[in-house]
Amino acid sequence: MAQIGQVLVDVPTMQTNDPYSYAIPAELEHQVEVGMRVTVPFGRGKRVVSGVVVGLSDVTNFDGQLKSIQSVLDLAPVLNTELQQLADWLADTTYAFRITCIQTMLPNLLKAQTERFIQPTTPLTATEMATYFPDGAPREFDAAKLDDQTVSGLLKLQRAGKVEVVYQVKDRAAAKTTTGITPALPVSKLQEIQVTVAKKAPKQADLLAYLQTMTPDTPVAQSQIVHRAGVSAAVINTAADKGWLTKQQIEVYRDPFHQPVKPTQPLKLNAEQQVAVDQITTAIDQQKVQNFLVEGVTGSGKTEVYLQSIAVALNQGRTALMLVPEIALTPQMVNRVKARFGQRVAVLHSGLSKGEQYDEWRRIDSGEATVVVGARSAVFAPVKNLGIIIMDEEHESSYKQDENPRYHARDVALWRGQYNQCPVVLGSATPSLETRARAAKGLYTRLVLAKRVNDRPLPPVHIVDMREEVKQRSEGDFSQPLLTAIQTRLDRHEQIVLLLNRRGFSSFVMCRDCGFVLKCPNCDISLTLHMDTHTMKCHYCGHEEAIPHVCPNCHSRKIRYYGTGTQKVEQALQREFPSANILRMDVDSTRRKGAHERILQKFGKHEADILLGTQMIAKGLDFPNVTLVGVLNADTALGLPDFRASERTFQLLTQVSGRAGRASKPGEVFIQTFNPDHYAIQLAQQQDYERFFVTEMHMRHQGSYPPYYFAVQLTASHEEEAVAAKAMFQIVAALKKGLSPDAIILGPTPKAIARVKRKYYYQVVIKYKQEPQLKPVLEQIRQAAQVPARHGLSVTIDSEPMNFM
DNA sequence: TTGGCAAGATTC
DNA sequence: AATCTTGCCAAA
């Protein structure tokens, strides 16, 4: 039996990034396993923290007095062997702490929290008791919540040894329980009683009859019995008193899906779909690590290919993981999977409560659920024996996490495919350049679905040159052709989707006399006007203030709104079409839980004529009555300092264009732009992904950008601009010294938005092809960043960054 | 000398 | 992250 446990403590720092050795006390010897969470004493005081056992051994190379594991938080490991290895790989490739990686992989509820209490050790004076312990009991000790005087007073008492701090690690993982019922008598006996009470107490007889149908020793929830036997809780209580049945607490899953889904059968595939399914099937059959790129235009039936591929894996007794972007994880989508695979499906996404997430996680962990559908973090679902991994809308930037660990779900999916010897299927109508380039190199098998399932042609796309429009009409967000087109649809009672590209765009307040722009006091960006709350808000830190009526700079009254916010467009639109019903969908109108779905449902039922929204309306919606799609400002993203600006614009325009005329009615698309000649817009009009790919690859080659080069972004931030800048210059010096001359170092430069939440940001981007010294150099920078970190300087490393802002 | 505080080191 | 340790200041 192992004597020593290697524990990663829940303290995310460089110094504690390696496991610490703890003795395993005899009474826990048979309980502790690798992958379990434990609590351990940590530090010279009485501090207790949670940790994860990552190894067992009989020896340790720590030459000191070992402390003992205090308690075990799990009955079974929460990390299986695969996920343990994955955590190590993740920490290694993303430059994140190992414990942070593990926390990210586990459901939120398994993140134990420590609480600190302070209590007297010796009788205190009456005054001291009254001042510090008014309740006469130990109190929670959180320096941030108490005022300075109380804190210093308590610390003084602590130094005098009169009070002590005690720790408690609170595990929040709690399965939901309900009252369960088991028959307490054999069937024959129950039947006997049933006959005697039949006349006088028919309800009791009903209950007795039901009890006879139950499997012995298998409790059924009381609520179920009330429902099925048609008896009240009072009847059950009486029965319990008479000793006919016993009550006990049983664990149940919180069921986030109340409405039953009607099962569906596999659809007939067209030739292209069949080829795709056949190839994927072969890979599953042969347990081959063969990865696929399914490149299918909107409406080409990618989902059906996914579903039938999943069915193949399930038929072989294996499991399936399907990743979709959070925004596409609508009930529409989830129901399609549930309809095909029923109870075997588990869904993981942020819309579920913590408890529901934990329950879905347990259903997967126990093997009860064999199909997992979820957003980014679902890639860590504890599914065993994976037969296929699918990643839909592969190009979506939301697959990359923009906090530590900065992982890309695609990389994790490929790792798990390798581990499980199963194919990974990446699907998109507009694949990322990285993926498409890898397919070109033969790393992925490319499966093209060029035909739309109903053979409907893609809608005609019109480009409206807004430069001309502005010349002719003075101002406004709508061009004449678009207004005419909207009117036509309204007359025909057809629906319209209008997209306002909000990336890098907002409505701000500017003084027309002196040019003063109202800015956030904490961040380096202008405040956005919000008409619903009648305030100016900062989109980065949440700062809020009143709308000025007089310019704070020159006291002019001519301070006006500029730019285009959804609310402003909605008002203008309403003015143009007073009788039209408009639904607005943006960050504000969808903040409340489920608001997103409610708006879509309303629109689906044709309770509105026009759906006006931001990026979020571009994804996966299928409304047959929509015959017109308008993009109000196609090019606001093009000017951004990001080498993916063209790619994002092309993807967005192609995706929205696919939203028009999906059923029997023909559709039409209008794209308003100030850059009508830009290749991203031209090629989106022609829906020509291949030519866009070739053109953009050429641009990337010219600029030495991914996918020709790898990229790493380093960022330093501090409240004082000079400190952040100086740190970045030192980092650049270290990079230049350690890396080969072939590495291209861009910067240091202030970030595009240089100041966010009172901090200044400086960044540098390294582009490289082969750089064996990169990892050690970055590790060294990470080490060096530990010391100044406490003075408010933080340094982050982002491998293959998606966000350059 | 004491005691109060910030910077630095240490945590199996 | 949260202690404990160290080194330096001034008050007493």
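Proteins come first, then strands; the chains are lettered A, B, ... in the order of their sequence lines, and each starts at number 1.
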From CD1 of A:Ile24 over to C1' of B:dC12, roughly how many Å is that when rounded to an integer? 13 Å
Salt bridge or not between A:Glu368 and A:Arg363? Use side-chain N to carboxylate O under 4.0 Å. yes
Rounded to whole angstroms, how far apart are CD on A:Gln15 and P on B:dG8? 14 Å
Separation of atom CG in A:Asn17 from atom P in C:dA1, rounded to whole Å: 13 Å
Rounding to an integer number of Å, can you tell me how far A:Lys67 NZ sits from B:dC12 P? 4 Å
Note: contacts of residues 44-55 of chain A with DNA chain C (heavy atom, under 4.0 Å) are A:Arg44, A:Gly45, A:Arg47
Consider side chain to side chain contact (heavy atoms under 4.5 Å, CB included). Of A:Thr715, A:Leu746, A:Leu714, which one does A:Val764 pass it with? A:Leu714
Between the side chains of A:Gln786 and A:Thr13, is a donor N or O closer than 3.5 angstrom to an acceptor N or O? no
salt_bridge(A:Glu82, A:Arg416) N-O dist < 4.0 Å: yes
Who passes salt bridge (Lys or Arg N to Asp or Glu O under 4.0 Å) against A:Glu115, sequence neighbours left out? A:Lys170
Give the C-alpha distance, both sets of side-chain angles, the deciding distance and a yes or no for salt bridge (Lys or Arg N to Asp or Glu O under 4.0 Å) between A:Asp92 and A:Arg98. CA-CA 8 Å; A:Asp92 192 45; A:Arg98 294 170 71 182; over 6 Å; no
A:Tyr407 and its ring pair (Phe, Tyr, Trp, His ring centres under 6.0 Å) partner, picked from A:Trp89, A:Tyr95, A:Phe380, A:Tyr399: A:Phe380
What's the CD-P distance between A:Gln786 and B:dG8, to the nearest Å? 14 Å
Value for OG1 (A:Thr16) from CZ (A:Phe97), rounded to nearest 0.5 Å, stands at 7.5 Å
Spacing of A:Phe62 atom CZ relative to B:dT11 atom C1', expressed in whole Å: 9 Å
Under a 4.0 Å heavy-atom cut-off, which of residues 5-14 of chain A touch DNA chain B? none
Taking CZ from A:Phe42 and P from B:dA9, how many angstroms apart are they, rounded to a whole number? 16 Å
For A:Gln103 and A:Asp10, which I'm curious about, is there any donor-acceptor pair between the side chains at under 3.5 Å? yes
Rounded distance (Å) that lies between atom C1' of C:dA2 and atom CD of A:Glu115: 16 Å
